[in-house]
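Chain letters run A, B, ... following the sequence lines, proteins first, then strands; residues in each count from 1.
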2 protein chains.
Amino acid sequence: MSPKRALTRNQALVLQTLTASEEPLSAYAILDRLRDDGFRAPLQVYRALDALLQTGLVHRLDSLKAFVACAHPHEHADEAMVAFAICESCGRVWEFSDSKIEDRFAAWAAAEDFVTKTTTFEISGLCAACRKAQGPAGPGV
Amino acid sequence: MSPKRALTRNQALVLQTLTASEEPLSAYAILDRLRDDGFRAPLQVYRALDALLQTGLVHRLDSLKAFVACAHPHEHADEAMVAFAICESCGRVWEFSDSKIEDRFAAWAAAEDFVTKTTTFEISGLCAACRKAQGPAGPGV
DNA sequence: ACTCCAATGTTATATCATAACATCTCTTGC
DNA sequence: GCAAGAGATGTTATGATATAACATTGGAGT
Ligand SMILES: [Zn+2]
Ligand SMILES: [Zn+2]
Ligand SMILES: [Zn+2]
Ligand SMILES: [Zn+2]
């Protein structure tokens with residue numbers, strides 16, 4: 001993984017914005033929140049995000065086209081497969097990994113002679129809090 | 001799952017296009033291939049894709065922003081979690097599921113009291129054929 | 001001060017997806 | 001046959017996400 005450079009000003013601002021948010025943010029949502037800090041164009045956000053994605057401080061959730069600050073940078077600096085559970089009601093994200101799942105997938109890859117580069121593992125659903133809040137009728141979505 | 005209506009003309013054309021393709025196609029790539037059949041606007045493609053996604057005949061690969069014909073419609077008419085392995089060199093897609101992985105994830109969900117609605121499980125890498133063709137130096141990407 | 005390099009700023013454009021509304025084409029009941 | 005309704009289709013416009021290309025700035029090292 002990348003050689004842990006210090007964050008630039010723009011990278012720090014983007015990371016702060018994501019960390020402060022309860023839910024994943026699109027690049028344009030980040031841009032809007034950083035207007036007062038001088039951000040004017042999407043590229044400023046995307047460039048900072050590229051660097052943060054490289055170092056693993058931020059993840060992109062493909063299923064949402066949005067970005068989220070990493071919940072545990074220390075753990076998956078390595079090659080671990082990480083899964084994200086996303087509540088479609090409150091937007092909160094749970095980040096977890098399971099070595100048994102990894103092993104099981106590794107077995108498939110070995111059988112097929114497939115070499116893994118990147119993984120995207122995202123689950124959408126409803127968290128316990130949201131289900132309780134909305135009752136047995138389900139969400140008003 | 002949906003009540004298996006017959007395919008409309010547009011749906012059939014889109015599905016044929018995807019089935020004929022060796023690799024996933026973006027909606028606009030599908031549109032280009034169907035100009036001669038009278039397709040003029042993206043919505044014609046997206047509408048057909050929506051219907052095909054509903055019935056499970058087509059999958060969207062979020063990590064590629066592209067669509068692929070289902071490799072085994074019969075198997076996952078139910079709620080099975082399906083994983084896609086995508087060769088980033090030749091574009092071919094392997095579709096598979098593993099009940100142990102499902103069980104393992106279900107255990108996590110039960111512990112967190114999280115109710116799953118949809119899953120996105122996509123692996124990018126290199127298939128055996130492409131690695132052999134390109135030698136130990138890796139792909140020319 | 002000069003040079004270099006990385007980061008940043010800025011404009012324009014590419015790519016992916018949907019809203020809104022008009023029209024067509026069946027089917028069904030009469 | 002024919003009117004009414006429903007679903008599918010056609011068309012234009014627009015929104016949302018992401019990148020290309022090039023100019024400018026601001027230190028670090030000499
Ligand atoms: Zn993380
Ligand atoms: Zn929730
Ligand atoms: Zn399938
Ligand atoms: Zn391949």
Side-chain angles (χ1 to χ4, degrees), chain A residues 2-18 21 23-55 57-68 86 91 118 120 122 124 141, chain B residues 2-18 21 23-55 57-68 86 91 118 120 122 124 141:
Chain A
S2 307
K4 290 252 172 192
R5 297 183 57 79
L7 295 183
T8 68
R9 169 187 148 84
N10 284 4
Q11 289 162 22
L13 285 168
V14 167
L15 181 56
Q16 284 165 29
T17 303
L18 284 175
S21 173
E23 51 192 322
L25 297 176
S26 75
Y28 281 73
I30 296 169
L31 175 58
D32 283 341
R33 298 187 185 202
L34 289 175
R35 297 267 179 206
D36 293 343
D37 295 288
F39 276 53
R40 316 282 330 187
L43 252 195
Q44 298 176 273
V45 177
Y46 281 111
R47 282 204 280 235
L49 285 172
D50 282 346
L52 294 167
L53 291 168
Q54 287 290 325
T55 57
L57 291 171
V58 163
H59 302 292
R60 183 190 143 92
L61 299 176
D62 287 331
S63 61
L64 298 181
K65 305 188 211 349
F67 302 86
V68 66
I86 306 160
T118 66
T120 299
E122 303 170 19
S124 276
V141 184
Chain B
S2 306
K4 291 254 173 191
R5 298 182 57 81
L7 296 184
T8 68
R9 169 188 148 86
N10 285 3
Q11 289 162 20
L13 285 169
V14 167
L15 181 57
Q16 283 164 29
T17 304
L18 284 175
S21 172
E23 51 193 321
L25 297 176
S26 75
Y28 280 72
I30 296 169
L31 174 59
D32 284 343
R33 299 187 184 201
L34 289 176
R35 298 267 180 206
D36 293 343
D37 295 287
F39 275 54
R40 317 281 333 188
L43 250 196
Q44 296 175 276
V45 177
Y46 281 111
R47 282 204 279 233
L49 285 172
D50 283 346
L52 294 168
L53 290 168
Q54 288 289 324
T55 56
L57 291 171
V58 163
H59 302 292
R60 175 173 203 274
L61 299 176
D62 286 332
S63 61
L64 298 182
K65 306 186 208 357
F67 303 86
V68 66
I86 306 161
T118 66
T120 299
E122 302 171 18
S124 276
V141 186

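To the nearest angstrom, C1' of dC16(C) lies 12 Å from CD1 of Ile30(B). The CZ-C1' distance, from Arg40(A) to dT25(D), rounds to 18 Å in whole Å. The separation between Leu49(B) atom CG and dA8(D) atom P is 15 Å, rounded to whole Å. The separation between Leu7(A) atom CG and dT8(C) atom P is 10 Å, rounded to whole Å. For the pair Asp50(A) CG and dT8(C) P, the interatomic distance rounds to 12 Å; values are reported in whole Å. Rounded to whole angstrom, the span from the CG atom of Leu64(B) across to the C1' atom of dT15(C) amounts to 14 Å. In this entry the distance linking CG of Asn10(A) with P of dT24(D) reads 19 Å, nearest Å. Atom-to-atom, CG of Leu31(A) to C1' of dA16(D) comes out at 13 Å; the value is rounded to the nearest Å.
Contact between the side-chain N/O atoms of Tyr46(A) and the OP1/OP2 oxygens of dT19(D) is not found at any separation under 4.0 Å. Using a 4.0 Å cut-off, no side-chain N or O of Thr8(A) falls inside it from OP1 or OP2 of dA6(C). Phosphate contact (OP1/OP2 of dT8(C), side-chain N/O of Gln44(A), threshold under 4.0 Å): absent.
No donor-acceptor distance shorter than 3.5 angstrom exists from the side chain of Ser21(B) to the backbone of Thr17(B), with no hydrogens or angles considered. A donor-acceptor pair is defined here as one N or O able to donate and one able to accept, closer than 3.5 Å; no such pair exists between the side chain of Gln44(A) and the backbone of Asn10(A). Using modelled atom types, no side-chain atom of Glu122(B) and backbone atom of Ile86(B) make a donor-acceptor pair closer than 3.5 Å.
Positionally, the nearest nucleotide of DNA chain C for Lys65(B) lies more toward the 5' end than for the other of Lys65(B) and Leu43(B). Take the nearest nucleotide of DNA chain D for Arg60(A) and for Pro42(B): the residue whose nucleotide is more 5' is Pro42(B).
Donor-acceptor pairing under 3.5 Å, judged by distance alone, is present between the side chain of Tyr28(A) and the base of dA18(D). Judged by atom type and distance alone, Arg9(A) does not reach the base of dG26(D) through any side-chain donor-acceptor pair under 3.5 Å. For a distance-only test at 3.5 Å, the side chain of Arg47(A) qualifies as a donor-acceptor partner of the base of dG9(C).
Leu15(A) has its side chain within reach of Leu7(A): a pair of non-hydrogen atoms, C-beta onward, lies under 4.5 Å apart. Proximity of Val14(A) to Leu52(A): side-chain heavy atoms (C-beta onward) are separated by under 4.5 Å at one or more points.
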